[in-house]
Amino acid sequence: MRIAVAGATGLVGRHVMRVLTEQSHDRVALARSAGTDLLTGHGVADALRGVEAVIDVLNTEETDPAAAEAFFSATTSHLQSAAIEAGVRHLVTLSIVNVDLVRDNGHYAGKRRQEHLTRSGPVPWSILRATQFFDFAEQTVAWTTHDGVAAVPPLLMQPVAVADVAQVLVEMATGPATRSIVELAGPDPHDLVDMSRRVLEMRSSTVQLRPSWHNGVFGLEFAGDVMLPSVSVRTGPTTFDQWLRDSSADR
Ligand SMILES: NC(=O)c1ccc[n+]([C@@H]2O[C@H](COP(=O)([O-])OP(=O)(O)OC[C@H]3O[C@@H](n4cnc5c(N)ncnc54)[C@H](OP(=O)(O)O)[C@@H]3O)[C@@H](O)[C@H]2O)c1
């Protein structure tokens with residue numbers, strides 16, 4: 001199949017592109033660095049010519065709710081208009097487990113808008129909601145470190161390997177549009193402070209950890225079980241231990 005990946009150069013996008021190559025699909029990369037700007041629509045119509053399915057794994061660094069909503073509104077609309085013109089049969093969008101439950105966060109507001117437009121738009125769709133990625137611990141440490149101390153919130157989550165997310169996205173894109181939402185998590189629940197400690201040990205980092213809800217990034221809207229998936233969630237096979245061993249070997 002000829003499959004386009006919106007956000008092909010990002011963390012998830014690179015894994016999706018690898019899986020598409022492994023399965024001998026014809027890939028089209030959509031990203032500003034690949035000559036396509038989905039915020040303005042520049043180059044999208046040309047890029048989607050002959051494409052049968054699109055996987056949307058775009059992201060933005062906007063944290064303001066209005067700015068994040070504006071990003072996902074514009075990019076989803078440009079993608080859908082060009083997809084209809086090109087006869088694309090399936091749009092698969094990556095979203096986040098429990099995106100409805102976290103209200104006081106700009107990124108989640110943007111993702112809700114993206115889901116809404118995907119579900120109400122003209123292109124047959126499927127949505128994959130994933131839990132946080134294993135990489136999330138190291139990202140949170142980077143976001144919250146000041147003067148050698150990382151204020152990491154004690155989030156409860158059931159994180160998943162990006163490689164497993166990419167496998168499921170490609171499986172969905174090569175199948176029929178279901179107009180439904182699938183949830184994907186990793187095999188086990190974890191606490192973000194413990195994950196961060198183990199990642200810092202693996203990196204031999206001198207950063208000190210301070211468990212805290214006063215971190216400037218994640219407030220109490222993420223406390224409790226709002227990040228945990230439902231019991232009927234599909235689970236990826238990779239454990240955090242396995243991911244740590246693989247990441248350590250890659251260093
Ligand atoms: N992090 C998690 O734990 C988690 C969990 C569940 C779901 N997700 C979702 O996963 C998605 C992907 O995240 P990620 O970490 O892979 O993102 P990322 O690494 O930041 O990659 C973002 C991608 O979007 C592209 N992009 C940004 N603006 C663009 C524009 N105007 N036009 C075209 N392309 C543009 C970037 O390429 P250029 O810069 O070259 O344009 C890049 O390829 C996000 O939507 C996020 O909500 C994340």
Side-chain angles (χ1 to χ4, degrees), residues 4-14 16-17 28-48 51 53-86 88 90-133 135-136 139-140 142-144 162 165 169 172-173 177 179 181 183 215-222 226-227:
V5 182
T9 57
L11 175 62
V12 184
R14 289 194 301 272
V16 172
M17 294 293 272
V28 176
L30 307 179
R32 288 165 302 183
S33 44
T36 309
D37 189 339
L38 281 155
L39 200 54
T40 63
H42 173 79
V44 191
D46 284 345
L48 289 194
V51 163
V54 175
I55 299 174
D56 181 356
V57 290
L58 284 171
N59 202 8
T60 175
E61 290 180 358
E62 300 287 3
T63 52
D64 171 69
E69 285 174 355
F71 175 87
F72 284 111
S73 294
T75 54
T76 307
S77 301
H78 287 133
L79 211 44
Q80 286 172 326
S81 310
I84 284 296
E85 204 179 305
V88 170
H90 193 179
L91 171 62
V92 179
T93 300
L94 177 62
S95 186
I96 310 171
V97 162
N98 292 345
V99 69
D100 307 308
L101 300 185
V102 178
R103 285 283 150 185
D104 200 10
N105 178 277
H107 185 70
Y108 278 60
K111 296 297 290 182
R112 280 194 292 275
R113 177 64 61 86
Q114 181 190 33
E115 275 201 5
H116 172 74
L117 289 173
T118 301
R119 296 166 69 162
S120 57
V123 186
W125 58 274
S126 306
I127 290 175
L128 179 66
R129 287 183 176 176
T131 54
Q132 287 61 48
F133 309 145
D135 313 70
F136 191 68
Q139 290 171 334
T140 303
W143 293 328
T144 61
V162 177
V165 174
L169 285 167
M172 289 169 76
R179 290 188 163 84
I181 297 175
E183 284 192 349
N215 53 69
V217 185
F218 300 101
L220 287 168
E221 67 273 17
F222 288 96
V226 292
M227 302 188 93

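By the salt bridge (charged side-chain N to carboxylate O under 4.0 Å, His left out) test, Asp64 pairs with no residue at all, sequence neighbours left out. Shown here are the side chain to side chain contact (heavy atoms under 4.5 Å, CB included) partners of Ser120, two or more places apart in sequence or in another chain: His116. When the side-chain hydrogen bond (donor to acceptor under 3.5 Å, both in side chains) test is applied to Ser95, the partners found at least two apart in sequence or on another chain are Glu115. For Asn59, the side chain to side chain contact (heavy atoms under 4.5 Å, CB included) partners two or more places apart in sequence, or in a different chain, are Phe72, His107. With sequence neighbours excluded, the residues that form a side chain to side chain contact (heavy atoms under 4.5 Å, CB included) with Leu11 are Arg14, Phe133, Asp135, Gln139, Val162. Here Glu62 pairs with nothing under the side-chain hydrogen bond (donor to acceptor under 3.5 Å, both in side chains) rule; sequence neighbours left out. Ser73 pairs by the side-chain hydrogen bond (donor to acceptor under 3.5 Å, both in side chains) definition with Arg113, not counting sequence neighbours. For Asp104, the side-chain hydrogen bond (donor to acceptor under 3.5 Å, both in side chains) criterion is met by no residue, not counting sequence neighbours. Remark: Leu39 pairs with Asp37, Phe71, Ala74, Thr75 by the side chain to side chain contact (heavy atoms under 4.5 Å, CB included) rule, at least two apart or across chains.
Between Thr140 and Val217, every side-chain heavy-atom pair lies at or beyond the 4.5 Å cut-off. You'll find the side chain of Val226 stays beyond 4.5 Å of the side chain of Glu221, heavy atoms only. A 4.5 Å side-chain heavy-atom check between Arg179 and Trp125 finds at least one atom pair inside the cut-off.
Here the straight-line distance linking atom CG of Leu94 with atom CE of Met172 works out to 9.5 Å at 0.5 Å rounding. Summarising the geometry, atom CG belonging to Leu101 is positioned 12.0 Å from atom CD1 belonging to Ile96; distances are rounded to the nearest 0.5 Å. In this structure, Leu169 CG and Asp56 CG are separated by 10.0 Å, a value rounded to the nearest 0.5 Å. Annotation: the span from Thr9 atom OG1 to Arg32 atom CZ amounts to 8.0 Å, rounded to 0.5 Å.
For the pair Gly13 and Val5, the tightest heavy-atom approach, listed with the atom from each and the gap, is CA-CG1, 4.2 Å. The minimum heavy-atom distance between Gln80 and Leu117, with the atom names listed, is NE2-O, 3.0 Å. Scanning both residues, Ser126 and His90, for their nearest heavy atoms gives OG-NE2, 2.7 Å. Pro124 and Ala177 make their closest contact through CB-CB, 3.5 Å (heavy atoms, listed as atom of the first residue, atom of the second, distance). Here the closest heavy-atom approach between residue Gly7 and residue Val57 is recorded as O-CG2, 3.8 Å. Heavy-atom minimum distance, Gly43 versus Thr36: C-CG2, 3.9 Å.
Residue pairs meeting the salt bridge (charged side-chain N to carboxylate O under 4.0 Å, His left out) criterion with at least one member in residues 71-86: none, sequence neighbours excluded.
Looking at His78, its side chain does come within 3.5 Å of a backbone N or O of Leu38 through a donor-acceptor pair. Listed for the Arg112 side chain is a donor-acceptor partner under 3.5 Å among the backbone atoms of Val99.
Between Phe218 and Trp143, the two ring planes are tilted [angle within 30° to 60°].
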Next item on the list: Under the side chain to side chain contact (heavy atoms under 4.5 Å, CB included) rule, what do Val28 and Leu48 come out as? Steps first, then yes or no, please.
Entry: CA-CA 8 Å; Val28 176; Leu48 289 194; 5.6 Å; no

Margin query: Let's go through Gln114 and Leu79 carefully: what are the C-alpha distance in whole Å and the side-chain angles of both, what is the deciding distance for side chain to side chain contact (heavy atoms under 4.5 Å, CB included) to 0.1 Å, and is it a yes or a no?
Written below: CA-CA 11 Å; Gln114 181 190 33; Leu79 211 44; over 6 Å; no

